[in-house]
Amino acid sequence: MRAEARIDLDAVRHNISSVQARVGKAQVMAVVKADAYGHGAVACAKAAQEAGASWLGAALPGEALELRDAGLVGRILTWLWVPGDPFDEVIEADVDVSVSASWALREVEASARRTGRTARIHLKADTGLGRNGCQPHDWEALVEAALKAQADGLVQVVGLWSHFACADEPEHPSVRIQLAAFHEAVALAEQWGVTPEVRHMANSPATLLLPESHFDLVRCGLATYGVSPIPDLATPAELGLRPVMTLVASLAGVKQVPAGHGVSYGHTWYTERDTNLGLVPVGYADGVPRHAGNAGPVLVGGHRRTVVGRVAMDQVVVDLGDDTPLPGDEVVLFGPGDRGEPTAEDWARAAGTIAYEIVTRIGSRVPRVYLGAR
Ligand SMILES: *Cc1c(COP(=O)(O)O)cnc(C)c1O
């Protein structure tokens with residue numbers, strides 16, 4: 001074993017149950033886009049459903065189709081697509097589709113005609129994020145066009161939704177403004193005749209911090225994987241979450257070097273004294289962030305160690321001090337933290353990024369090993 005990402009499916013189940021307990025009657029969507037944030041979409045989606053998640057979320061239509069191809073049933077929503085995407089297949093696969101603009105509605109209508117099916121759509125309002133979603137001045141036209149398509153039997157408007165810009169900063173003024181804008185967009189759509197099955201707005205931080213954002217459905221990505229979306233405010237344990245991924249590697253070498261020895265490309269680090277260096281066979285090709293040179297933490301033989309020198313494509317070096325573990329011994333890059341190992345949040349701090357990016361970018365060269373599969 002060079003390296004592997006151990007995926008604890010019991011932790012996925014625990015996290016979904018924990019979120020469900022928090023949101024009461026609202027439904028839970030496990031967001032499994034980007035291969036479940038690097039954890040493996042199909043396995044995590046199954047585990048989430050076993051724990052009661054009634055929806056799955058996929059950004060891309062291809063991701064939604066992958067779930068169906070793997071035999072997953074139940075509701076799936078997909079929301080990020082471009083003209084030419086395989087909408088006939090998506091609609092035939094009984095996947096719900098987000099619509100943010102009139103061109104998208106026309107594409108869905110055309111697919112519905114070709115396939116002879118009624119497409120389930122969720123109209124997305126831009127309540128302030130400034131990314132995907134329909135601006136308020138276009139909302140009436142979009143809703144009316146959707147209602148016309150509904151009257152023609154081509155679509156069923158089942159959802160009204162939006163997305164936060166700053167849910168991880170609950171005091172940010174945009175949070176209240178977006179909530180008010182969403183209430184307004186929903187009220188108008190309902191007044192014009194939409195009878196939504198689900199209104200939804202909350203991502204993980206909103207689910208954990210803003211009960212007033214739960215509406216009928218919460219969409220949890222990071223929380224499903226047990227990572228804190230608000231690391232400065234709360235740890236996963238404090239949020240009732242259990243980290244899912246443990247990234248381990250086997251030491252590929254241990255050697256003694258003298259003081260003053262340069263380490264790795266560019267010699268950004270020199271040994272301060274005679275020491276032992278450990279070679280860890282994972283690098284930026286595996287998703288170890290290059291920005292974590294001279295900073296990334298690992299656990300070797302029960303001791304916390306630090307990456308020294310630059311992160312290379314396939315390997316990093318750690319300073320082992322006086323320890324002389326054996327080649328083949330386990331190095332834990334991150335995990336839940338209960339054995340003293342660093343967490344994904346620790347790596348995010350070391351690399352100047354967010355834990356979302358740490359787990360999501362673990363590369364395809366690292367096999368996922370599933371624990372707790374049913
Ligand atoms: C990724 C995404 C989510 C999940 O966000 P988390 O913060 O990981 O829970 C929810 N909704 C949309 C639209 C997304 O793109």
Side-chain angles (χ1 to χ4, degrees), residues 12 15-16 18-20 22-23 26-39 41 44-45 48 53-64 67 75-82 95-101 104 121-134 159-170 172 175 178 182 185 198-210 213-234 236 239-241 243-245 344-345 348 353-361:
V12 171
N15 296 333
I16 292 293
S18 174
V19 166
Q20 184 68 71
R22 185 183 284 273
V23 303
Q27 298 182 68
V28 176
M29 173 188 290
V31 176
V32 295
K33 64 188 179 186
D35 202 25
Y37 294 35
H39 294 69
C44 290
S54 46
W55 289 78
L56 299 172
L60 311 184
E63 295 174 333
L67 297 169
R75 299 294 284 275
I76 302 177
L77 172 64
T78 183
W79 55 79
L80 184 60
W81 49 288
V82 295
V95 170
D96 290 38
V97 177
S98 173
V99 167
S100 291
I121 64 172
H122 298 231
L123 298 177
K124 184 168 195 184
D126 182 354
T127 53
L129 174 60
R131 202 174 68 178
N132 209 344
C134 178
L160 296 171
W161 74 305
S162 190
H163 195 47
F164 282 108
C166 309
D168 54 341
E169 298 172 60
H172 194 287
V175 171
Q178 283 199 263
F182 187 59
V198 282
R199 297 155 297 173
H200 50 108
M201 194 167 184
N203 54 2
S204 293
T207 300
L208 298 167
L209 294 174
L210 298 165
S213 73
H214 292 171
F215 295 94
D216 307 306
L217 171 67
V218 296
R219 307 185 305 270
C220 287
L222 201 69
T224 301
Y225 311 108
V227 179
S228 175
I230 42 168
D232 297 334
L233 300 178
L239 297 168
L241 303 174
V244 171
M245 185 189 291
E345 289 90 345
T353 184
I354 54 175
Y356 288 81
E357 193 179 8
I358 297 297
V359 292
T360 303
R361 293 183 69 143

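Start at 1 and go down the list; that is how both ligands and their atoms are numbered.
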| said: Out of all atoms in ligand 1, which are within 4.0 Å of some heavy atom of L222? Include the element for each. | reply: 6 (P), 8 (O), 9 (O)
| Donor-acceptor contact below 3.5 Å, side chain Q20 vs main chain A26 | yes
| field | Structural part of P205 in contact with ligand 1, heavy atom criterion under 4.0 angstrom | value | side chain
| How does S204 reach ligand 1, by side chain, by backbone, by both or by neither, if only non-hydrogen atoms under 4.0 Å count? | both
| message | Using the ring pair (Phe, Tyr, Trp, His ring centres under 6.0 Å) criterion, which residues pair with H163? Sequence neighbours excluded. | response | none
| query | What is the closest protein heavy atom to atom 12 (C) of ligand 1, and at what distance does it sit? | reply | H163 CE1, 3.4 Å
| field | Nearest-neighbour protein heavy atom for atom 11 (N) of ligand 1, which is reported as residue plus atom name and distance | value | R219 NE, 2.9 Å
| Can the ring centres of W55 and H122 be said to be less than 6.0 Å apart? | yes
| message | For the NZ atom of K124 and the CG atom of L129, what is their distance to the nearest 0.5 Å? | response | 7.0 Å
| query | Given that the side chain starts at C-beta and the backbone is N, CA, C, O, which of these parts of F164 lies under 4.0 Å from ligand 1, counting heavy atoms, or is it both or neither? | reply | neither
| message | Among all the protein's non-hydrogen atoms, which is closest to atom 4 (C) of ligand 1, and how far away is it? | response | Y37 OH, 3.3 Å
| message | When you measure from the side chain of S18 to the backbone of L241, do you find a donor-acceptor pair of N or O atoms at a distance under 3.5 Å? | response | no
| remark: Among non-hydrogen protein atoms, atom 2 (C) of ligand 1 lies closest to K33 NZ, 2.6 Å
| G221 N/O to ligand 1 N/O under 3.5 Å | yes
| note | Nearest non-hydrogen protein atom to atom 13 (C) of ligand 1, with distance, is W161 CZ3, 3.6 Å
| task | Check ligand 1 against C220 and write out every atom of the ligand that is under 4.0 Å from a heavy-atom position of the residue. | result | 9 (O)
| request: Take atom CZ of R361 as the centre, draw a 6.0 Å sphere, and report whether it contains more than 12 heavy atoms from other residues, nucleotides or ligands. | output: no
| With sequence neighbours excluded, what pairs up with F215 under the ring pair (Phe, Tyr, Trp, His ring centres under 6.0 Å) test? | F182, H183
| field | Flag side-chain contact, heavy atom, 4.5 Å: N15 against Y225 | value | no
| query | At what distance is the nearest protein heavy atom to atom 7 (O) of ligand 1, and which residue and atom is it? | reply | Y356 OH, 2.7 Å
